Amino acid sequence: GHPTPSIRPRRTPPPRTPPPPANPAPLSLLEPAAPEAPAYVAPADWQGLADAVATCTRCKLCKTRTKTVFGVGPTDAPLLVIGEGPGAEEDARGEPFVGAAGKLLDEMLKSVGRSRSSNVYIANVVKCRPPGNRDPESDEVAACRPFLDRQIELLQPKLILALGRIAAQRLLSSTAPLSKLRGPQHAYGPAHTPVLISYHPAYLLRTPSDKAKSWADLKQVHRFLAKA
């Protein structure tokens with residue numbers, strides 16, 4: 001007869017011992033924190049909104065500000081001008097565009113029959129001064145966005161004019177350079193508010209050779225509002 005093939009017994013692997021439980025991470029390290037906080041809803045009236053901004057602690061800029069800079073102008077203005085954030089003089093006085101750049105802005109607006117006292121509202125992407133006039137960071141812009149969005153909703157402007165690269169990029173959620181954003185008409189928010197982009201007056205004080213381009217932008221603003 002044939003030899004019986006030897007059947008090797010199958011080795012059963014030793015039972016795996018589960019690794020010892022790691023120390024659970026402290027809650028502060030877990031991302032995202034659960035449950036997530038509901039989205040902040042800004043007050044839906046001007047006074048409530050101004051009060052909320054004045055006492056705001058939604059980002060770290062509250063620790064270094066002197067005054068919040070809510071905005072200025074009539075609340076039925078057809079033109080909304082948006083800058084990036086308050087500087088030293090704005091932080092001291094609580095009003096946007098009050099230094100040398102603000103003076104230039106007032107002259108520019110006057111040349112097309114506009115002013116903060118009669119038909120222009122002026123605000124910033126952030127309501128508190130970034131220390132040392134650095135660019136506002138994305139988390140600061142995000143924390144302040146509900147306030148600006150509510151201002152736009154209450155104003156219902158015919159046109160938004162964003163001044164400078166930072167304001168333009170933050171408003172349009174874009175990384176494109178100012179040279180690309182200038183010229184075409186953009187839209188912002190659920191109401192698709194028309195947006196035009198131009199130079200920040202502080203930049204024009206440093207680079208007066210670009211004032212001619214800025215004047216062309218102002219004429220575009222003027223033509224748009226004349227039709228609106």
Side-chain angles (χ1 to χ4, degrees), residues 40 42-43 45-75 77 79-110 114-155 157 160-173 178 188 195 197-208 214:
Y40 175 76
D45 64 288
W46 282 109
Q47 189 56 55
L49 194 60
D51 292 345
V53 167
T55 57
C56 180
T57 56
R58 285 175 49 74
C59 83
K60 57 190 173 294
L61 294 182
C62 68
K63 298 188 179 104
T64 51
R65 72 181 178 220
T66 307
K67 287 185 175 175
T68 56
V69 181
F70 181 71
V72 66
T75 54
L79 176 62
L80 168 61
V81 172
I82 298 178
E84 61 181 76
E89 294 197 47
E90 290 79 10
D91 178 62
R93 287 173 52 182
E95 186 176 327
F97 285 99
V98 290
K103 198 160 176 255
L104 177 57
L105 175 62
D106 286 341
E107 288 168 16
M108 290 160 62
L109 291 171
K110 190 178 173 186
R114 305 269 150 196
S115 84
R116 65 176 79 197
S117 60
S118 62
N119 52 14
V120 179
Y121 195 91
I122 303 175
N124 283 309
V125 168
V126 293
K127 311 286 187 209
C128 298
R129 180 194 180 194
N133 289 1
R134 65 160 170 76
D135 294 344
E137 292 167 6
S138 51
D139 62 317
E140 295 159 356
V141 173
C144 221
R145 178 84 66 166
F147 298 131
L148 182 64
D149 283 348
R150 186 70 82 198
Q151 284 177 305
I152 294 170
E153 189 186 310
L154 291 169
L155 278 164
I160 293 172
L161 175 64
L163 298 178
R165 176 182 65 86
I166 297 296
Q169 289 179 341
R170 296 289 193 255
L171 205 61
L172 301 174
S173 302
L178 188 74
Y188 181 76
V195 178
I197 308 298
S198 190
Y199 298 102
H200 195 286
Y203 167 81
L204 294 173
L205 289 173
R206 297 192 302 271
T207 320
S214 168

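On a predicted model such as this, the values are computed, not experimentally measured, just so you know.
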Novice: How far apart are the closest heavy atoms of L61 and P131, and which atoms are they?
Specialist: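 Closest approach of L61 to P131: CD2-CD, 3.6 Å.
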
Novice: Would you check if L154 and T75 make a side-chain contact, meaning some heavy-atom pair closer than 4.5 Å?
Specialist: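 No, their side chains stay 4.5 Å or more apart.
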
Novice: Considering all heavy atoms of both residues, which atom of S214 and which atom of L204 are nearest to each other, and what is their separation?
Specialist: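 S214 and L204 have their closest heavy atoms at OG-CD1, 3.5 Å.
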
Novice: Less than 4.0 angstrom from a charged side-chain N to a carboxylate O is my criterion; do K103 and E89 meet it?
Specialist: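 Between E89 and K103 there is no salt bridge, as every charged N stays at least 4.0 Å from the carboxylate O atoms.
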
Novice: Strictly distance-based, threshold 3.5 Å: is any side-chain N or O of E90 a donor or acceptor partner for the main-chain N or O of V98?
Specialist: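 Answer holds: yes.
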
Novice: Would you say the side chain of F97 lies within less than 4.5 Å of the side chain of L104, judging by non-hydrogen atoms?
Specialist: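 With C-beta onward as the side chain, the pair stays apart.
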
Novice: Just by distance, do the side chain of R114 and the backbone of L79 share a donor-acceptor pair under 3.5 Å?
Specialist: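 Side chain of R114 to backbone of L79: no pair is present.
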
Novice: Which class fits the ring pair W46 and F70: parallel under 30°, tilted 30 to 60°, perpendicular over 60°?
Specialist: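 If you compare the ring of W46 with that of F70, the planes turn out perpendicular.
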
Novice: Given side chains that start at C-beta, do those of L161 and V120 come closer than 4.5 Å, heavy atoms only?
Specialist: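 L161 does not reach V120 side chain to side chain.
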
Novice: Is there a donor-acceptor contact under 3.5 Å from the side chain of R65 to the main chain of D91?
Specialist: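 Not at all, since once roles are kept as given, no pair shorter than 3.5 Å links the two residues.
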
Novice: Regarding D135 and R170, does a basic nitrogen lie under 4.0 Å from an acidic carboxylate oxygen?
Specialist: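 Answer for the salt bridge query: no.
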
Novice: Can you find a heavy atom in the side chain of S115 that is under 4.5 Å from one in the side chain of L109?
Specialist: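 No, their side chains stay 4.5 Å or more apart.
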
Novice: I'd like to check D149 versus E153 (side-chain heavy atoms, cut-off strictly below 4.5 Å). Are they in contact?
Specialist: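 Result no, sub-4.5 Å side-chain heavy-atom pair not found.
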
Novice: Is the closest side-chain heavy-atom distance between C56 and K127 below 4.5 Å?
Specialist: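 Contact flag for C56/K127 side chains = no.
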
Novice: Taking the side chain as C-beta and beyond, is there a heavy-atom pair between K60 and D139 under 4.5 Å?
Specialist: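 K60 vs D139: side chains touch.
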
Novice: Is any side-chain N of the basic residue among E107 and K110 closer than 4.0 Å to the acidic one's carboxylate O?
Specialist: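 No.
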
Novice: R150 versus P43: any side-chain heavy-atom pair under 4.5 Å?
Specialist: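 Result no, sub-4.5 Å side-chain heavy-atom pair not found.
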
